[in-house]
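Report on one structure; see the data block that follows.
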Amino acid sequence: MPILKLDSADIFYETWICQDPGAPWIYLVNGHTRSHKDFKFFARYLVENGFNVASNDNRGSGESKIYDRITLDLMASDVIDVLDHLELRAPSLLGLSMGGVISMKLACAEPSMFQNLVLVSTCPKPRPWMMREEARWSSDLEEIIQKLLKYFGPDFRQKNMVLIKAMAKNIQDLAIKGKFAEKAEEQRLALKGFDLTPELGKIQCPTLVVHGDRDEVIEVGAAQFLHEHITGSELKIYENAGHLLIAESGRKLYQDVVEFIRPRQ
């Protein structure tokens, strides 16, 4: 198993390599409670289109193990540590939701480090865009289903209840068998009070901002704000789409990302 051992954590990471070892890299950072496994089909698409891909499980998610508290700074530094471990230079960086916060933090702190930046369903600070929600995930299946529903647009919810119920059952199993709720709460608290708005002007790399107009987790106004405050950024709003675009609008997202990060002639 690819594990990077640090003083306060064992960070699991994964790579997907295309036939050209000299191909450009993109690093994927996932959101609250989610792991690298969400990127399986996305990574395959990127590899088929000539990119090498890397990702890690954030502290509190997936197969990473922590021996200390979870903080936003530590989750960001974990990405840098994996990049250094893999000896990756000037990759593109993509973050989903909480992963977008981590990615923005990195791009602000290291303006020349990344080739491109893609921010999906994210915001630079909690208020006024991040919806208030329950502090903890329940182990009750119906409560989990009701919480998951707001992560998708109304059309997707109506047509894909089987998928949503399967996702809910998986979360329930994790909550019953492990420390899913406890780790999710630690991640949530790690985001408390963050504010990257004063730093957005430091982002220098080409940036794509993507958001669903029916997002009930982070309001679409956050994407408009990012577009207005990141110089030269591009904005794509997906109609009738919710928060989890990688599940709801996967193919469209894949195509838009590849088109944006493909090396420019």
Side-chain angles (χ1 to χ4, degrees), residues 26-46 48-49 51 53 55 92-104 107 116-126 128-131 133 145-164 166-168 196 200 203 205-262:
I26 179 169
Y27 200 100
L28 309 178
V29 188
N30 215 339
H32 179 61
T33 76
R34 308 304 301 172
S35 78
H36 72 283
K37 293 180 180 179
D38 289 356
F39 293 131
K40 177 181 178 181
F41 297 110
F42 192 8
R44 181 185 302 171
Y45 184 90
L46 289 164
E48 290 172 352
N49 281 272
F51 294 91
V53 185
S55 182
S92 293
L93 181 65
L94 179 147
L96 307 180
S97 195
M98 183 185 79
V101 176
I102 295 168
S103 298
M104 271 185 281
N116 301 284
L117 177 65
V118 182
L119 303 173
V120 182
S121 305
T122 192
C123 59
K125 65 177 181 179
W129 302 293
M130 190 179 291
M131 310 287 195
E133 62 179 49
I145 291 171
Q146 292 305 312
K147 187 169 182 177
L148 270 181
L149 286 175
K150 70 179 180 181
Y151 282 78
F152 300 98
D155 291 345
F156 188 90
R157 289 197 295 256
Q158 184 177 8
K159 298 174 183 178
N160 294 276
M161 279 304 300
V162 172
L163 171 63
I164 293 171
M167 291 177 65
L196 299 175
L200 295 178
I203 296 176
C205 59
T207 301
L208 173 65
V209 180
V210 185
H211 216 101
D213 69 351
R214 302 299 294 273
D215 192 332
E216 296 180 21
V217 177
I218 298 176
E219 293 180 353
V220 68
Q224 298 283 357
F225 184 93
L226 290 173
H227 175 51
E228 292 168 3
H229 289 80
I230 299 177
T231 303
S233 64
E234 296 184 22
L235 175 64
K236 288 186 179 291
I237 303 297
Y238 291 4
E239 293 184 2
N240 299 315
H243 187 69
L244 288 181
L245 296 180
I246 195 169
E248 184 171 346
S249 306
R251 193 71 177 183
K252 179 176 174 57
L253 179 64
Y254 303 169
Q255 293 170 347
D256 285 342
V257 169
V258 165
E259 181 180 352
F260 183 77
I261 67 173
R262 195 180 296 280

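All values reported here derive from a predicted model rather than from experimental measurement.
The backbone N or O of Phe156 sits nowhere less than 3.5 Å from a side-chain atom of Glu248 that would complete a donor-acceptor pair. When atom types are taken as modelled, the side chain of Ser92 and the backbone of Ile26 share no donor-acceptor pair closer than 3.5 angstrom. Within the 3.5 Å criterion, the main-chain N or O of His36 finds no donor-acceptor partner in the side chain of Asn30.
The distance from the CG atom of Leu117 to the CZ atom of Phe260 is 8.0 Å, given to the nearest 0.5 Å. Separation of atoms CG (Leu196) and OG (Ser103) is listed at 10.5 Å; rounding is to 0.5 Å. Atom CZ in Arg34 sits 7.0 Å away from atom CG in Leu244 (nearest 0.5 Å). In this structure, NE2 on His32 lies 6.0 Å from OH on Tyr151, to the nearest 0.5 angstrom. Atom CZ of Phe152 is separated from atom CD1 of Ile164 by 5.0 Å, given to the nearest 0.5 angstrom. The NZ atom of Lys252 sits 6.0 Å away from atom NZ of Lys236, with the distance rounded to the nearest 0.5 Å.
By the 4.5 Å heavy-atom criterion applied to side chains, Tyr45 and Val257 are not counted as neighbours.
In this structure, Thr207 has no side chain to side chain donor-acceptor pair (under 3.5 Å) partners at least two apart in sequence or on a different chain.
Taking each heavy atom of Leu46 and Val53 in turn, the nearest pair found is CB-CG2, 3.6 Å. The minimum heavy-atom distance between Val210 and Tyr238, with the atom names listed, is CG1-CZ, 3.6 Å. Between Ile145 and Ala168, the shortest heavy-atom distance links the atoms CG1-CB, 3.5 Å. In terms of heavy-atom proximity, Ser121 sits nearest to Ile218 at O-CD1, 3.4 Å. Among all heavy-atom pairs drawn from Trp129 and Ala222, the shortest one is CD1-N, 3.3 Å. Minimum heavy-atom separation, Ser55 to Leu28: OG-O, 2.8 Å.
Identified under the salt bridge (charged side-chain N to carboxylate O under 4.0 Å, His left out) test for residues 213-222, with sequence neighbours left out: Arg157-Glu216.
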- Task: Report the C-alpha distance between Tyr254 and Asn49 in whole Å, list the side-chain angles of each, state the deciding distance to 0.1 Å, and finish with yes or no for side chain to side chain contact (heavy atoms under 4.5 Å, CB included).
- Result: CA-CA 10 Å; Tyr254 303 169; Asn49 281 272; over 6 Å; no

- Task: Kindly indicate, with the supporting measurements, whether the criterion side chain to side chain contact (heavy atoms under 4.5 Å, CB included) is fulfilled by Val120 and Ile246.
- Result: CA-CA 9 Å; Val120 182; Ile246 195 169; over 6 Å; no

- Query: Could you go step by step and tell me if Val118 and Asp256 meet the side chain to side chain contact (heavy atoms under 4.5 Å, CB included) rule?
  - Reply: CA-CA 10 Å; Val118 182; Asp256 285 342; over 6 Å; no

Distance-only donor-acceptor pairs under 3.5 Å for side chains of residues 93-100, two or more places apart:
{"residue": "Ser97", "atom": "OG", "partner": "His243", "partner atom": "NE2", "Å": "2.9"}

